[in-house]
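Only one structure is covered here, and it is reproduced in the block below.
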Amino acid sequence: MALSFFLFSISIFFLTYSRDLLFVNAQLYNLTEPLVTPINYDLYHSSGDLMEEIRALVHRHPNKLTMETIKAKNKGYGAKVTVVTYCKGKKENDKKSKFRILISFGQHGRELITSELALRLLSFLSEEKFLPNMDQASLNSSLDKLVIKVVPMENLNGRKLVEAGDLCERRNGRGVDLNRNWSVDWGKKEKDYDPYEENPGIAPFSEPESQIMRKLAISFEPHVWVNVHSGMEALFMPYDHKNTTPDGLPLQQMKSLLEEVNQLHFQKRCMIGSGGGSVGYFAHGTATDFMYDIMAVPMAFTFEIYGDETASLRDCFKMFNPTDRVSYNRVLNDWSATFFTIFKLVPHQLDEIRSKPSILKLDKLVSIDEYLDGYLMERRNRYGKKMEVLELGMQEIRTYFRLFLLSSVLLMFMFCSRISKSKCSRPIVSAMSL
């Protein structure tokens, strides 16, 4: 009995000691803090609330803002994309005489801050809110020359998956990365390819969201394209799929514009260059490369507006989105001011476009049906050196050639195995008569 009591006392002592030791270690290594930061809905809107606020904003300012929702479907998967158009006085009839800017936010579901920026930007455009130290008269004079189309949330289905708890999801509702689903250099996979991050889909424009954005770009013919992301602070030009930038005047115009806004708003903090040469990896099938190479958009950019390098790879909300109110408002105001600077500079930098005939031949663009049916039609870019799907066609040829080589090797292996087996199975004949 005494021995049992002694053993029981020893057990209680060790349990108490282990609990205290675990508590000390937890404090020492911050194990008591959550490993994954949840969405802060005190700062961020849900997707439904954000789109409702934008809808109400458009309703309050019909003389400046209009709104449409475009739907598409492919193989049972459907998507819808809302587009808000800013045009003072709603002079839609003369929009071709204005400079046209197309901006997409929320292409990756986990990058919530980008859609918040869309809402903030539209609030400033409607003049319900004002940026500090902004010369509103000068800005209004610049805005008179512009038509701006804003896509607040390109990837609504992916965003809903994030809100349901998959905080690292960047793809759309059926697992395709929308920024790998465009036709320029589509489908190429690097050595570090991760399907969770970069799945390009079964074909260029296989996804309804990409189809909608492509048709929007063709009908609108923008002079400036900006694809807004988060994950770092950067101002990228083409190209994403290789370590080069465009030559000549286009490069000079884009670089000059980016250097000016980097100096003015970020004290040269942002990285500037080609996406493929600056970010550390090549991205194939991106929207910005398509806009520049195929749509002949004079200025095509990818902006990365925020990134927390201290966040763990698992903590995606913190990695891609500011988590405190001060950082949240700083990001939104700084990047809104950046866009307004671009709105003021673009008419001066691109004024010569008015005097040049358009080179884009819309009738030569490959249709979505032709892509999905596998046809390859010629579509030369502005320099007449490439075709829209030449690289795609060459990739298909290389794939079939590899399959042919593999099947030839397998057939040869099977043939040799059969010969070897037949030799081994022959009866042994004695050299001596019995």
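FYI, the numbering just counts along the sequence from 1.
- With a 4.5 Å cut-off on side-chain heavy atoms, Pro238 and Pro246 count as touching.
- Put simply, the side chain of Ser138 never gets that close to the backbone of Asp135: no donor and acceptor are under 3.5 Å apart.
- Side chain of Thr341 to main chain of Val261: no donor-acceptor pair is present (N/O by atom type, distance under 3.5 Å, no hydrogens or angles).
- At least one donor-acceptor pair closer than 3.5 Å links the side chain of Gln253 to the backbone N or O of Gln349.
- The OG1 atom of Thr286 sits 9.5 Å away from the CG atom of Asp293 when rounded to the nearest 0.5 Å.
- Separating the OG1 atom in Thr245 from the CG atom in Asp247 is a distance of 7.0 Å, to the nearest 0.5 Å.
- Within the 3.5 Å criterion, the main-chain N or O of Glu207 finds no donor-acceptor partner in the side chain of Tyr77.
- Both tests do not hold together for Lys145 against Phe99: distance to the six-membered ring centre under 6.0 Å, angle to the ring axis within 45°.
- A donor atom on one side chain and an acceptor atom on the other are not found under 3.5 Å apart for Ser336 and Asn333.
- In the model, His284 has no side-chain atom that pairs as donor or acceptor with a side-chain atom of Asp240 under 3.5 Å.
- A 4.5 Å side-chain heavy-atom check between Ile101 and Phe343 finds at least one atom pair inside the cut-off.
- The number of heavy-atom neighbours closer than 6.0 Å to CG of Leu411, taken from other residues, nucleotides and ligands shown, is above 12.
- Asp177 and Arg170 get closest at one heavy-atom pair: OD2-NH2, 2.5 Å.
- Looking at Ser274 and Asn243, their side chains come closer than 4.5 Å, going by heavy atoms from C-beta outward.
- Counting only heavy atoms from C-beta outward, the side chains of Met67 and Leu65 never approach each other to under 4.5 Å.
- For the residue pair Asp315 / Ser312, no side-chain donor-acceptor distance below 3.5 Å is found, with atom types taken as modelled.
- Here Glu190 contributes atom CD and Tyr281 contributes atom OH; the two are 11.0 Å apart, rounded to the nearest 0.5 Å.
- For Ser126 and Lys64, the side-chain atoms include no donor-acceptor pair closer than 3.5 Å.
- In this structure, the side chain of Arg180 does not engage the main chain of Glu198 through any donor-acceptor pair within 3.5 Å.
- Residues Glu154 and Gln107 bring a donor and an acceptor atom of their side chains to less than 3.5 Å of each other.
- With Asp144 as the fixed residue, the salt bridge (charged side-chain N to carboxylate O under 4.0 Å, His left out) test singles out one of Lys98, Lys344, Lys88: Lys88.
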TODO: Show your reasoning for whether side-chain hydrogen bond (donor to acceptor under 3.5 Å, both in side chains) applies to Arg120 and Asn329.
DONE: CA-CA 10 Å; Arg120 183 69 61 93; Asn329 283 315; 3.1 Å; yes
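- The closest side-chain heavy-atom distance from Lys149 to Val84 is not below 4.5 Å.
- Using modelled atom types and a 3.5 Å distance limit, the side chains of Glu304 and His229 yield no donor-acceptor pair.
- Using a 4.0 Å cut-off between charged nitrogen and carboxylate oxygen, Glu163 and Arg159 count as a salt-bridge pair.
- With rounding to the nearest 0.5 angstrom, the OG atom of Ser47 is 6.0 Å from the NZ atom of Lys160.
- A side-chain donor-acceptor contact under 3.5 Å links Asn262 to the backbone of Cys270.
- Exactly one residue among Thr69, Val151, Ile70 makes a side chain to side chain contact (heavy atoms under 4.5 Å, CB included) with Thr82. That residue is Thr69.
- Across every non-hydrogen atom of Ser115 and Gly106, the tightest pair is OG-CA, 3.9 Å.
- At distances below 3.5 Å, at least one donor-acceptor pair connects side-chain atoms of Asn321 with backbone N or O atoms of Leu112.
- With hydrogens and angles ignored, the 3.5 Å screen pairs no side-chain donor or acceptor of Arg60 with any backbone N or O of Arg55.
- We find the CD1-NE2 distance between Ile342 and His265 to be 8.0 Å, quoted to the nearest 0.5 Å.
- When each of Leu122, Val331, Ile305 is checked for a side chain to side chain contact (heavy atoms under 4.5 Å, CB included) with Leu117, only Ile305 meets the rule.
- In summary, the side chains of Asp185 and Tyr239 do not present any donor paired with an acceptor at a separation below 3.5 Å, with no hydrogens or angles considered.
- Of the candidates Phe339, Phe236, Phe266, Phe303 forms a ring pair (Phe, Tyr, Trp, His ring centres under 6.0 Å) with just one, namely Phe339.
- For Tyr292 against Ala300, the heavy-atom pair with the smallest separation is CB-CB, 4.0 Å.
- Looking only at side-chain heavy atoms (C-beta outward), Asn157 and Lys80 stay at 4.5 Å or farther from each other.
- Taking 4.5 Å as the limit, every side-chain heavy atom of Asp49 sits out of range of all side-chain heavy atoms of Tyr41.
- A donor and an acceptor atom, one from each side chain of Glu127 and His61, are nowhere located under 3.5 Å apart.
- The six-membered or imidazole ring of Phe205 lies near that of Trp182, with a centre-to-centre distance under 6.0 Å.
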- [ ] Determine, step by step, whether Glu197 and Arg110 satisfy the salt bridge (charged side-chain N to carboxylate O under 4.0 Å, His left out) criterion, reporting the C-alpha distance in whole Å, the side-chain angles of both residues, the deciding distance to 0.1 Å, and the verdict.
- [x] CA-CA 12 Å; Glu197 289 284 307; Arg110 64 193 179 191; 3.0 Å; yes
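- For the 3.5 Å distance criterion, the side chains of Asn227 and Thr288 fail to qualify, holding no donor opposite an acceptor.
- Side-chain contact annotation: Arg171 with Asn155, donor-acceptor N/O pair under 3.5 Å absent.
- Without hydrogens or angle criteria, Asn140 side chain to Gln136 main chain gives a donor-acceptor distance under 3.5 Å.
- For the pair Asn181 (side chain) and Ser206 (backbone), a donor-acceptor distance under 3.5 Å is present.
- For the pair Gln263/Glu259, no side-chain contact is recorded, criterion being any heavy-atom separation below 4.5 Å from C-beta on.
- Inspection of the Asp289 and His241 side chains reveals an N or O donor paired with an N or O acceptor under 3.5 Å.
- Between the CD atom in Glu53 and the OG atom in Ser123 there is a gap of 7.5 Å [rounded to 0.5 Å].
- Note: Phe317 and Tyr44 meet the aromatic proximity criterion, with ring centroids under 6.0 Å apart.
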